[in-house]
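What you are looking at is a predicted structure, and each value in this text was computed from that prediction instead of being measured. Side chains included, hydrogens not; waters and symmetry mates left out as well; all remaining heavy atoms used.
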Amino acid sequence: MAIIRCILNSFRIRYGISYTAINAYTALAAEQMVGDSRIIFNNMYLAANLGIAIGSTAVGFIFNASIFLTFFIPVLIFILCIIILAFKANIFEEQSEHKVKPGHSVSDDVEDPRIKIGFRRFRLNIIILCVAILIVWIGYSQWDSNMSVYMLNKGFTTREYGLTFTINAGSLLIIQPLMNRVISKIFKYLKTQLLIGISIMGLSFLVLPTAKTYMAFVISMLIVTVGESMVFPTIPALLSKFSTNKNRGTFQSFYSMFGSLGRALGPYVGSLVVTWLTFGHMFYAITIMMLLVAATMTGIKELE
């Protein structure tokens, strides 16, 4: 048991470091690209979910063949990632300035957004975003935890509960590319995209208190998938707009820290509400919290 606990803790540390590093590296790439930089964050999020979908599907077949291969294949994949990083990770650091068009260039450094926005307003921006990340993940983590109990109490099977995540991953592969093409053209500011996305995620929980059929849970999951496709790639993109090359990693770590805190608190807080009240009260509370957080997005001062 102690060995398993050490393995899990080391995995969490690796996940926190690598996730922050990937977001920071994506932000660096976005800073040096021409056009709408949010596209690269959407593509990164799509690639991550594509990996989840492939991995979740493959693990069932691999596990039946061999438990050893279930863990050995991920080791090989991580080694491959290390090799790629060792030879290609410095692609954005080799030049101090990259030519992108005749007469246009992208500098490695940018003016500090704190000066343009104002230090007090800038601090308020970061606080609003951190609280939003926390609340969104407290709500979203219910699908990974208390929702299983709710669905089993309703008479659904574990297989049907697990299938909702397959639907989530599969539909996201369709929804995310559409969002990638459409959203960036409709909404000028990232905060507007967050406002709408968080609202959609919150409203998805209103389907659940009266859900009696499996289709109702599928509909709720599809709605929350639309919301998350607008929210999760946009938060690191907005943090990137508030950062410079010197503090990009620090700012991206806010997403990892408060996201992890939300995932840790979500199941516990949700279980307390269910114990003291009902599942319905928990769903309504999540909707209210997310709508309130969505409204605070209007208080963010975003640079064009």
Side-chain angles (χ1 to χ4, degrees), residues 36 38-54 56 129 132-147 150-151 160-211 213-238 255 259 262-263 266 270 282-298 300:
D36 194 345
R38 79 183 80 180
I39 293 176
I40 194 169
F41 287 96
N42 289 335
N43 290 337
M44 186 269 286
Y45 185 68
L46 176 62
N49 282 279
L50 179 61
I52 292 173
I54 294 174
S56 300
L129 271 180
I133 295 168
L134 177 65
I135 297 300
V136 166
W137 274 107
I138 286 177
Y140 189 74
S141 65
Q142 302 308 318
W143 274 101
D144 298 327
S145 54
N146 294 305
M147 192 66 69
Y150 184 63
M151 290 187 68
E160 288 173 318
Y161 166 69
L163 185 60
T164 58
F165 292 95
T166 304
I167 294 172
N168 170 260
S171 61
L172 198 58
L173 298 180
I174 300 173
I175 293 172
Q176 186 64 38
L178 294 176
M179 291 296 180
N180 205 351
R181 292 175 177 272
V182 176
I183 294 300
S184 59
K185 297 179 180 179
I186 297 177
F187 302 114
K188 180 180 179 181
Y189 293 105
L190 295 177
K191 66 177 183 179
T192 307
Q193 187 172 329
L194 283 178
L195 188 155
I196 296 175
I198 295 174
S199 298
I200 292 174
M201 291 183 71
L203 293 173
S204 70
F205 287 90
L206 293 180
V207 181
L208 299 172
T210 58
T213 64
Y214 186 68
M215 184 55 64
F217 289 93
V218 171
I219 291 172
S220 178
M221 175 58 85
L222 290 175
I223 296 174
V224 81
T225 301
V226 173
E228 73 169 279
S229 68
M230 298 176 66
V231 173
F232 291 152
T234 307
I235 292 176
L238 188 53
Y255 187 33
R263 287 189 291 271
M282 181 186 72
F283 296 139
Y284 291 131
I286 292 172
T287 299
I288 293 172
M289 287 193 304
M290 285 196 174
L291 291 178
L292 289 176
V293 165
T296 63
M297 293 299 109
T298 58
I300 292 179

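The line from OH of Tyr214 to CD of Glu160 is 6.0 Å long, rounded to the nearest 0.5 Å. The CG atom of Leu291 sits 11.0 Å away from atom CD1 of Ile200, with the distance rounded to the nearest 0.5 Å. In this structure, Ser204 OG and Leu222 CG are separated by 10.5 Å, a value rounded to the nearest 0.5 Å. Remark: Leu190 CG to Leu195 CG distance equals 12.5 Å, nearest 0.5 Å. Rounding to the nearest 0.5 angstrom, the gap separating the OG1 atom in Thr164 from the CE atom in Met221 is 4.0 Å. Here CD of Gln142 is found 12.0 Å from CH2 of Trp137. Values are rounded to the nearest 0.5 Å.
Of all the heavy atoms in Gln193 and Thr234, the pair that sits closest is NE2-OG1, 2.7 Å. Summarising the geometry of Gly262 relative to Ser141, their closest heavy-atom pair is O-OG, 3.9 Å, with the distance given to 0.1 Å. Residues Thr225 and Ser171 come closest through the heavy atom pair CG2-OG, 3.6 Å. Of all heavy-atom pairs between Ser229 and Ile175, the closest is OG-CG2, 3.6 Å. Counting all heavy atoms, side chain and backbone alike, Gly139 lies closest to Ile286 at CA-CG2, 3.8 Å. Taking all atoms of both residues into account, the shortest heavy-atom contact from Met289 to Ile135 is CB-CG2, 3.8 Å.
Note on ring orientation: taking the six-membered ring where Trp is involved, the planes of Tyr255 and Phe232 are tilted (angle from 30° to 60°).
Using modelled atom types, no side-chain atom of Glu228 and backbone atom of Met201 make a donor-acceptor pair closer than 3.5 Å.
The shortest distance between side-chain heavy atoms of Tyr189 and Met297 does not fall below 4.5 Å. Looking only at side-chain heavy atoms (C-beta outward), Ile300 and Leu238 come within less than 4.5 Å of each other. Looking at Tyr140 and Arg263, their side chains never come closer than 4.5 Å, going by heavy atoms from C-beta outward. Between Met282 and Phe205 the shortest side-chain heavy-atom distance does not fall below 4.5 Å. No side-chain heavy atom of Met230 sits under 4.5 Å from any side-chain heavy atom of Leu194.
Residues satisfying the side-chain hydrogen bond (donor to acceptor under 3.5 Å, both in side chains) criterion with Ser220, sequence neighbours excluded, are absent altogether. In terms of the side chain to side chain contact (heavy atoms under 4.5 Å, CB included) criterion, residue partners of Ile288 (sequence neighbours excluded) are, by chain and number, Leu292. Residues meeting the side chain to side chain contact (heavy atoms under 4.5 Å, CB included) test with Leu206, sequence neighbours left out: Leu203, Tyr284, Thr287. Judged as a side chain to side chain contact (heavy atoms under 4.5 Å, CB included), and not counting sequence neighbours, Thr210 has no contacts. Every residue two or more places apart in sequence or in another chain that forms a ring-ring contact (aromatic ring centres under 6.0 Å, His included) with Phe217 is listed here: Tyr150, Phe156. By the side chain to side chain contact (heavy atoms under 4.5 Å, CB included) test, Ala295 is found to be paired with no residue, residues two or more places apart in sequence or in another chain being considered.
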